[in-house]
Amino acid sequence: MKFKGVGKMGILEETKGLVENSIQELGLPKAVFEHLKEPQRLMIVNIPVRLDSGEVKSFIGYRAQHCNVLGPFKGGIRFHPQVTIDEVKALSMWMSLKCAVVEVPYGGGKGGVVCNPKEMSEDEIERLSRGYIRSMLKIIGPEQDIPAPDVYTNPQIMAWMADEYSSAKGHNEWGIVTGKPLIVGGSLGRLEATSRGCYFVVEDAIEKLGLSMQGLKVAIQGFGNVGSYAAKLLADAGAKVIAVSDSGGGIYHEDGLPVDKLMEHKVKEGTVSSYPQGKRISNEELLILECDVLVPAALENQLTSNNAPNVKAKIIVEAANGPTTAEADSILTDKGILICPDILANAGGVVVSYFEWVQDLESFYWSEEQVNSRLQLKMADAFRRVYDFCQRQEVPMRKAAYMLAVKRLGEGMLTRGWVKK
Ligand SMILES: NC(=O)C1=CN([C@@H]2O[C@H](COP(=O)(O)OP(=O)(O)OC[C@H]3O[C@@H](n4cnc5c(N)ncnc54)[C@H](O)[C@@H]3O)[C@@H](O)[C@H]2O)C=CC1
Ligand SMILES: O=C(O)CCC(=O)C(=O)O
């Protein structure tokens, strides 16, 4: 069974199609879609930043607050030259769905700034990060909207943001953002959390297909926060990471790559593609390698109708948000590939962000073991619910995840009286 009405529409329209379809199939009131089809609020700001040269340059920033029926808005902030309104809106909608799938008490939010941090100095990035928070002061807060890291943002940027917000409020408010360094209210385990969540999903998925972690052939696209730690966790558990890539290209070795050394190389050289052992490959080639598990961990729209027919993986674990277009999804599903969708597979990040926020609100901090074992419980529970639904209803995992998420959001709206039966 496939979703109807999804095609070459772009990620936002495709996602709306999936949500609307789920609402219809669940027999929820149509009004649920009226609440979900657009963000509740979309803030667009102009952020003037003083550059090191003394010149002032302005940057466009966005924050989409999608739906807070189940809790405050939550989601990362992306710094990237290709950020668009539609991308931020889609990312915020995925956050609402993701938080519902893993049952954390948040709504979806997402932010973005159109900029190229690779061409900015550290001081310029700091001024931009602080400017973003000043522009958003009225709509964010620990009980309102809690940002976090995403593409090309990191713990240091979260620390500046927490500091800026705290300065504006006149007292420390560590609960304003998550993904912070430990010294300013971060949580143990948050840095690796998205990857650890993916790792648990890989464990559960391979068990369903009767595969073993020992010697499991894995290819990972993207070697940033999520991709690099996913590679490390999988390699440490006995998997063979045969290929990795980043925006500079990729590297392949059929016997497996030394992930720790690749991480060091990436820090020193800025890319994995120049690693001296193995064969250089393109991002496109990586996606169609012979492997057991493919982990897209970079950007959206990587698996398309062009390359999907050639994908050879048995399992795809979507560490990135939106890496698969609707057309590719259909092709891959028809090929019998088990797709663990983004809103499930990469939810480990927001789960541990939730733990970080709880710790900040209580000013009482957990051990790494507590964080990781609670994350494992959350991910295993979500995987089981999605997989059981998919088996029971004979639908793909993505559809199962969407239906479970939309059901929860719809129930929230009915209970709060936002919609009537
Ligand atoms: N950081 C987090 O906690 C979470 C991140 N995600 C998603 O995971 C994905 C990766 O995010 P992070 O690792 O945090 O970002 P990051 O900024 O740490 O790393 C991004 C990686 O993607 C690579 N990349 C960029 N353009 C590329 C291209 N065209 N082809 C191949 N690689 C390319 C970069 O070189 C870098 O290695 C994104 O889709 C993000 O939304 C999802 C959930 C949580
Ligand atoms: O940690 C968070 O709050 C959100 C992470 C994120 O942006 C995502 O899951 O896409």
Side-chain angles (χ1 to χ4, degrees), residues 11 64 66 71-83 87-88 90-99 101-102 104 106-112 116-118 145-155 157-158 175-180 186-187 189-198 220-231 243-250 262-263 266-267 270-273 281-287 295-302 317-324 342-357 375:
I11 47 174
H66 179 254
F73 304 105
K74 184 87 188 82
I77 301 176
R78 179 173 292 199
F79 283 2
H80 194 276
Q82 262 104 47
V83 164
E87 182 188 51
V88 175
L91 285 160
S92 73
M93 198 180 288
W94 290 328
M95 284 309 303
S96 295
L97 296 162
K98 191 182 301 183
C99 293
V101 167
V102 287
V104 292
Y106 286 136
K110 201 82 176 201
N116 188 351
K118 288 184 182 171
D145 183 354
I146 307 118
D150 191 74
V151 174
Y152 298 161
T153 53
N154 57 32
I157 291 177
M158 297 305 115
I176 175 58
V177 293
T178 57
K180 302 178 296 296
S187 173
R190 174 60 184 90
L191 197 62
E192 310 85 1
T194 311
S195 321
R196 195 176 295 280
C198 281
I220 303 180
Q221 186 203 39
F223 204 71
N225 174 260
V226 179
S228 65
Y229 285 109
V244 298
S245 67
D246 57 31
S247 58
L262 276 167
M263 286 171 97
K266 170 91 179 165
V267 172
T271 178
V272 287
S273 61
I281 54 166
S282 67
N283 269 287
E284 215 21 57
E285 287 169 316
L286 180 142
L287 297 173
V295 183
L299 299 173
E300 300 93 54
N301 295 330
Q302 298 302 302
V317 175
E318 294 183 339
N321 285 302
T324 311
D342 46 9
I343 59 169
L344 168 70
N346 70 31
V350 75
V351 168
V352 176
S353 275
Y354 166 52
F355 297 161
E356 179 174 331
W357 178 73
L375 171 63

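Counting convention: from 1, in listed order, for ligands and their atoms alike. Computation of the quantities below employed the complete heavy-atom set of this structure, encompassing side-chain atoms and omitting hydrogens, waters and symmetry-equivalent molecules.
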Side-chain H-bond candidate by donor/acceptor type, Ser247 with Lys118, under 3.5 Å: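 Yes - a donor-acceptor pair under 3.5 Å links their side chains.
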
For a quick check under 3.5 Å, do Thr324 and Glu318 share a side-chain donor-acceptor pair by atom type?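 Yes - a donor-acceptor pair under 3.5 Å links their side chains.
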
Heavy-atom distances under 4.0 Å decide this one: backbone, side chain, both or neither, for [X] against ligand 1?
X: Arg190; answer: side chain
X: Lys266; answer: side chain
X: Ala319; answer: backbone

Looking at [X] and [Y], would you say the former's side chain and the latter's main chain have a donor-acceptor pair under 3.5 Å?
X: Ser187; Y: Glu356; value: no
X: Ser195; Y: Val226; value: yes
X: Asn116; Y: Pro81; value: no
X: Asn346; Y: Ala320; value: yes
X: Gln302; Y: Glu300; value: yes
X: Ser228; Y: Met263; value: no
X: Asn225; Y: Leu191; value: yes
X: Asn283; Y: Gly250; value: no

Considering all heavy atoms, the nearest [X]-[Y] contact:
X: Asp145; Y: Ile176; result: O-CD1, 4.0 Å
X: Gly248; Y: Ser273; result: O-OG, 3.2 Å
X: Lys98; Y: Asp342; result: CE-O, 4.3 Å
X: Ser353; Y: Arg190; result: OG-NE, 2.9 Å
X: Val102; Y: Ala347; result: CG1-CB, 3.5 Å
X: Val244; Y: Leu286; result: C-CD1, 3.6 Å

Which residue and atom name correspond to the protein heavy atom nearest [atom], and how close is it?
atom: atom 7 (O) of ligand 2; value: Lys110 NZ, 2.7 Å
atom: atom 40 (C) of ligand 1; value: Asp150 OD1, 3.3 Å
atom: atom 9 (O) of ligand 2; value: Lys98 NZ, 2.6 Å
atom: atom 25 (C) of ligand 1; value: Tyr152 OH, 3.5 Å
atom: atom 1 (O) of ligand 2; value: Ser353 OG, 2.5 Å
atom: atom 31 (C) of ligand 1; value: Asn283 OD1, 3.1 Å
atom: atom 13 (O) of ligand 1; value: Val226 N, 2.9 Å
atom: atom 23 (C) of ligand 1; value: Ser247 N, 3.9 Å
atom: atom 3 (O) of ligand 2; value: Lys74 NZ, 2.7 Å
atom: atom 11 (O) of ligand 1; value: Val151 CG2, 3.7 Å

Sub-4.0 Å atoms of ligand 1 with respect to non-hydrogen atoms of [X]:
X: Asp246; answer: 31 (C), 32 (N), 33 (C), 35 (O), 37 (O)
X: Phe223; answer: 37 (O)
X: Asn346; answer: 42 (C), 43 (C)

So is there a nitrogen or oxygen of [X] less than 3.5 Å from a nitrogen or oxygen in ligand 1?
X: Gly224; answer: yes
X: Ser245; answer: no
X: Ala298; answer: yes
X: Thr153; answer: no
X: Arg78; answer: yes
X: Asn321; answer: yes

Just to be sure I read this right, does ligand 2 sit under 4.0 Å from the backbone of Thr194, its side chain, both, or neither, counting only heavy atoms?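 Contact part for Thr194 vs ligand 2: neither.
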
Is ligand 2 under 4.0 Å from a heavy atom in the side chain of Arg190, in the backbone, in both, or in neither?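 Looking at Arg190 and ligand 2, just side chain atoms fall under 4.0 Å.
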
List every atom of ligand 2 that sits less than 4.0 Å from any heavy atom of [X], numbering the atoms from 1 in the order shown and giving each element.
X: Asn321; result: 10 (O)
X: Gly76; result: 4 (C), 6 (C), 7 (O)
X: Gly349; result: 1 (O)

Report yes or no: does a heavy atom of Gly179 sit under 4.0 Å from some atom of ligand 2?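 No, Gly179 has no heavy atoms under 4.0 Å from ligand 2.
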
Heavy-atom distance to [atom]: which of [options] wins?
atom: atom 44 (C) of ligand 1; options: Val352, Thr271, Thr194; value: Thr194
atom: atom 29 (N) of ligand 1; options: Val350, Leu299, Asn225, Asp342; value: Leu299
atom: atom 10 (C) of ligand 1; options: Ser195, Gly222, Ala297; value: Ala297

Using a 4.5 Å cut-off on heavy atoms from C-beta on, say whether the side chain of Ile77 contacts that of Asp150.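 No, every pair of side-chain atoms sits at 4.5 Å or beyond.
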
Nitrogen or oxygen atoms of Ile146 and ligand 2 under 3.5 Å apart: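 The answer is no, given that Ile146 and ligand 2 share no N or O pair closer than 3.5 Å.
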
Using the rule side chain to side chain contact (heavy atoms under 4.5 Å, CB included), only one of Tyr106, Phe73, Trp94 pairs with Cys99; which is it?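 So, applying the side chain to side chain contact (heavy atoms under 4.5 Å, CB included) to Cys99 and each of Tyr106, Phe73, Trp94, only Tyr106 qualifies.
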
